[in-house]
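Accompanying notes for the structure given below.
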Amino acid sequence: MSALFDLHCDTLTRNGWPPYEDVTETLDTPAFQLALSKVPAGTRWVQCFAIFVPDEVRGEDAAAFFERHAASFRRQAERHRDRMVPCRSLADMEAAGKAGKCAGLLTVEGGAALAGRLERVQALCDAGVRMMTLTWNGPNELASGHDTGNGFSPFGREAVAEMERQGIVVDVSHLNDRGFEELLGFAQKPFAASHSNARAVCGHRRNLPDEFIREMVRREGLIGLTYCRSFLSDDGRGSLDDLYRHVCHFLELGAEKCIALGSDYDGAEVHEDLDSVEKSLRIGEYLTAHGISQDIADGLCFENAWRFFGKRMG
């Protein structure tokens, strides 16, 4: 049986920018990179669906944006209940797998969804959120992405502690280097980088330098390799061969138990080698054909992420 655990896609909120503003059924739109009906029958599939909060949306508008799309996730999950189960626990994910359905995890990309209010961490948890990317590219009430050199605010530190208490995984993809270094000083639990690659292989500042990767390995974190062309290769090609180069580099750093997949479907330009869920399912076969062991390939495609979230979702 094919198995896939994908830490990040923007499919849920893909109708936030052209040319799909009129689309309401975002989880099963054939024109999208990810669509529920495209997944082959019998696939063991866990998909993290992010509510992406754009940098220009802040304060109570960001809270309302989250609530609107969380409601859309619930509505679409009910509409497509023959294909997907919204999951809040390990038991939910196991039940979805046994039923041959996608296990859908709700996540957030952009801590602005908290609107600067600590009590909203509980609101996100109650809505089913199980991971939150702290920033996008710019600054928000918590910290900043790579558009600035800002570190964490006092509220951001409180929010991380509350996320850890509530069982929401802290996601450092998009967080700038200063923020990452500061997080190391106060994070108490393993954290994730849902869609980031190795900066030593592709120099984009969104990718992780080796010292950050080693630290995540030491802390038993989780890193989802993204298919975004500009994060896979400096020339922007971003093919499956380039993904393989990143995998090899992560393995050199001892990250075989920490790597996963984080496609960034419907939020990034992706090479034709990787531009659909069906093609994601071929990654494991490609890796083993190129000398990667079956155990490592299985870990990358599914088992590492399953183990990580299983420990944190209970």
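All residue numbers in this chain count up from 1 along the given sequence.
A donor-acceptor contact shorter than 3.5 Å links the side chain of Glu164 to the backbone of Gln188. The backbone N or O of Arg88 sits less than 3.5 Å from a side-chain atom of Arg130, completing a donor-acceptor pair. Of the possible donor and acceptor atoms, none in the side chain of Ser72 sits under 3.5 Å from a partner among the backbone N and O of Arg68. Put simply, the side chain of Asp171 never gets that close to the backbone of Val108: no donor and acceptor are under 3.5 Å apart. Between the side chain of Thr11 and the main chain of Leu27, no donor-acceptor pair closer than 3.5 Å is present. Checking side-chain atoms of Asp264 against main-chain N and O of Cys228 turns up no donor-acceptor pair under 3.5 Å. Without hydrogens or angle criteria, Arg199 side chain to Leu208 main chain gives no donor-acceptor distance under 3.5 Å. In this structure, the side chain of His246 engages the main chain of Ala198 through a donor-acceptor pair within 3.5 Å. The closest donor-acceptor contact from the side chain of Asp147 to the backbone of Pro139 lies at 3.5 Å or more, if one exists at all. A donor-acceptor contact shorter than 3.5 Å links the side chain of Arg206 to the backbone of His195.
By the rule that hydrophobic residues join a cluster once side-chain heavy atoms approach within less than 4.5 Å of another member, Leu184 and Val169 end up as members of separate clusters. A continuous path of ILVMFWY side-chain contacts below 4.5 Å connects Leu124 to Leu134, so both sit in one hydrophobic cluster. Cluster annotation: Val170 and Leu114 are assigned to the same hydrophobic cluster (Ile/Leu/Val/Met/Phe/Trp/Tyr, side-chain heavy-atom contacts under 4.5 Å, transitive). Linking ILVMFWY residues whenever their side-chain heavy atoms come closer than 4.5 Å, directly or via other members, places Leu300 and Met216 in the same cluster. Val121 and Leu183 end up in the same hydrophobic cluster when Ile, Leu, Val, Met, Phe, Trp and Tyr side chains are linked at under 4.5 Å.
Taking a 6.0 Å sphere around CD of Glu285, one finds it holds 12 or fewer heavy atoms contributed by other residues, nucleotides or ligands. Around CD of Glu220, the count of heavy atoms belonging to other residues, nucleotides or ligands within 6.0 Å does not exceed 12.
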Under the criterion side-chain contact (heavy atoms from CB on, under 4.5 Å), I'd like the reasoning laid out for Phe155 against Arg117: C-alpha separation, chi angles, the key distance, then a yes or no.
CA-CA 8 Å; Phe155 171 74; Arg117 293 189 281 120; 5.6 Å; no
Show your working on side-chain contact (heavy atoms from CB on, under 4.5 Å) between Phe250 and Val201 and close with a plain yes or no.
CA-CA 10 Å; Phe250 277 103; Val201 179; over 6 Å; no
Given the rule in the side-chain contact (heavy atoms from CB on, under 4.5 Å) test, do Leu261 and Tyr227 qualify, once you have shown the distances and angles that lead to the verdict?
CA-CA 9 Å; Leu261 297 175; Tyr227 311 162; 3.7 Å; yes
List the steps and the verdict of side-chain hydrogen bond (donor to acceptor under 3.5 Å, both in side chains) for Asp210 and His249.
CA-CA 9 Å; Asp210 285 359; His249 187 75; 2.8 Å; yes
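Nearest heavy atom pair, residue Gly238 against residue Leu232, reads O-CD1, 3.4 Å. Taking both residues in full, the closest heavy atoms of Asn176 and Gly145 are given as ND2-O, 3.3 Å, listed atom of the first, atom of the second, then distance. Nearest approach of Cys258 to Val217, heavy atoms of both residues: SG-CA, 3.8 Å. Closest non-hydrogen pair, Cys202 versus Asn207, comes out as O-ND2, 3.0 Å.
Between the NE2 atom in His146 and the CG atom in Leu175 there is a gap of 11.0 Å [rounded to 0.5 Å]. The distance from the CZ atom of Arg229 to the CG atom of Asp235 is 9.5 Å, given to the nearest 0.5 Å. Here Ile296 contributes atom CD1 and Cys301 contributes atom SG; the two are 12.0 Å apart, rounded to the nearest 0.5 Å. To the nearest 0.5 Å, atom CG of residue Asn150 and atom OG1 of residue Thr135 are 10.5 Å apart. With rounding to the nearest 0.5 angstrom, the NZ atom of Lys101 is 10.5 Å from the CE atom of Met84.
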Expected list for residues 307-314: side-chain donor-acceptor pairs under 3.5 angstrom, two or more places apart:
| unit_1 | atom_1 | unit_2 | atom_2 | d |
| --- | --- | --- | --- | --- |
| Arg307 | NH2 | Lys257 | O | 3.0 |
| Arg307 | NH2 | Asn304 | OD1 | 3.0 |
| Arg312 | NH1 | Phe308 | O | 2.6 |

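Listed by chain and residue number, nothing satisfies the salt bridge (charged side-chain N to carboxylate O under 4.0 Å, His left out) test with Asp273 (two or more places apart in sequence, or in another chain). For Phe152, the ring pair (Phe, Tyr, Trp, His ring centres under 6.0 Å) test picks out Phe186, with sequence neighbours left out. Every residue two or more places apart in sequence or in another chain that forms a side chain to side chain contact (heavy atoms under 4.5 Å, CB included) with Gln33 is listed here: Tyr265, Asp266, Val270. Arg81 meets the side chain to side chain contact (heavy atoms under 4.5 Å, CB included) test with Glu78; sequence neighbours excluded. Residues meeting the ring pair (Phe, Tyr, Trp, His ring centres under 6.0 Å) test with Phe66, sequence neighbours left out: none. In this structure Arg120 satisfies the salt bridge (charged side-chain N to carboxylate O under 4.0 Å, His left out) test together with Glu67, sequence neighbours excluded. Remark: Ala103 engages Val46, Cys87, Met93, Ala96 in a side chain to side chain contact (heavy atoms under 4.5 Å, CB included) (not counting sequence neighbours). Shown here are the salt bridge (charged side-chain N to carboxylate O under 4.0 Å, His left out) partners of Asp242, two or more places apart in sequence or in another chain: Arg245. For the ring pair (Phe, Tyr, Trp, His ring centres under 6.0 Å) test, residues two or more places apart in sequence or in another chain that qualify with His69 are Phe65. Annotation: side chain to side chain contact (heavy atoms under 4.5 Å, CB included) contacts of Thr26 (sequence neighbours excluded): Leu12, Asn15, Val23, Phe32, Gln76. Listed by chain and number, the residues in a side-chain hydrogen bond (donor to acceptor under 3.5 Å, both in side chains) with Glu215 are Arg218, Arg219 (sequence neighbours excluded).
The residues Arg165 and Glu162 are annotated as salt-bridged, a charged nitrogen and a carboxylate oxygen being separated by less than 4.0 angstrom. Checked for salt-bridge contact, Asp28 and Arg79 miss the test: no charged N lies under 4.0 Å from a carboxylate O. With salt bridges taken as basic N to acidic carboxylate O contacts below 4.0 Å, one links Arg178 and Glu182.
In this structure, Phe5 and Glu303 have side chains that are not in contact, with every pair of non-hydrogen atoms separated by 4.5 Å or more. You'll find the side chain of Phe302 stays beyond 4.5 Å of the side chain of Asp298, heavy atoms only.
No side-chain N or O of Asp295 forms a donor-acceptor pair with one of Ser293 less than 3.5 Å apart. No side-chain N or O of His204 forms a donor-acceptor pair with one of Asn197 less than 3.5 Å apart. When only modelled atom types and interatomic distance are considered, Ser2 and Thr43 share no side-chain donor-acceptor pair under 3.5 Å.
Between Phe191 and Phe180, the ring planes lie perpendicular to each other; the angle is over 60°, past the 30° to 60° tilted range.
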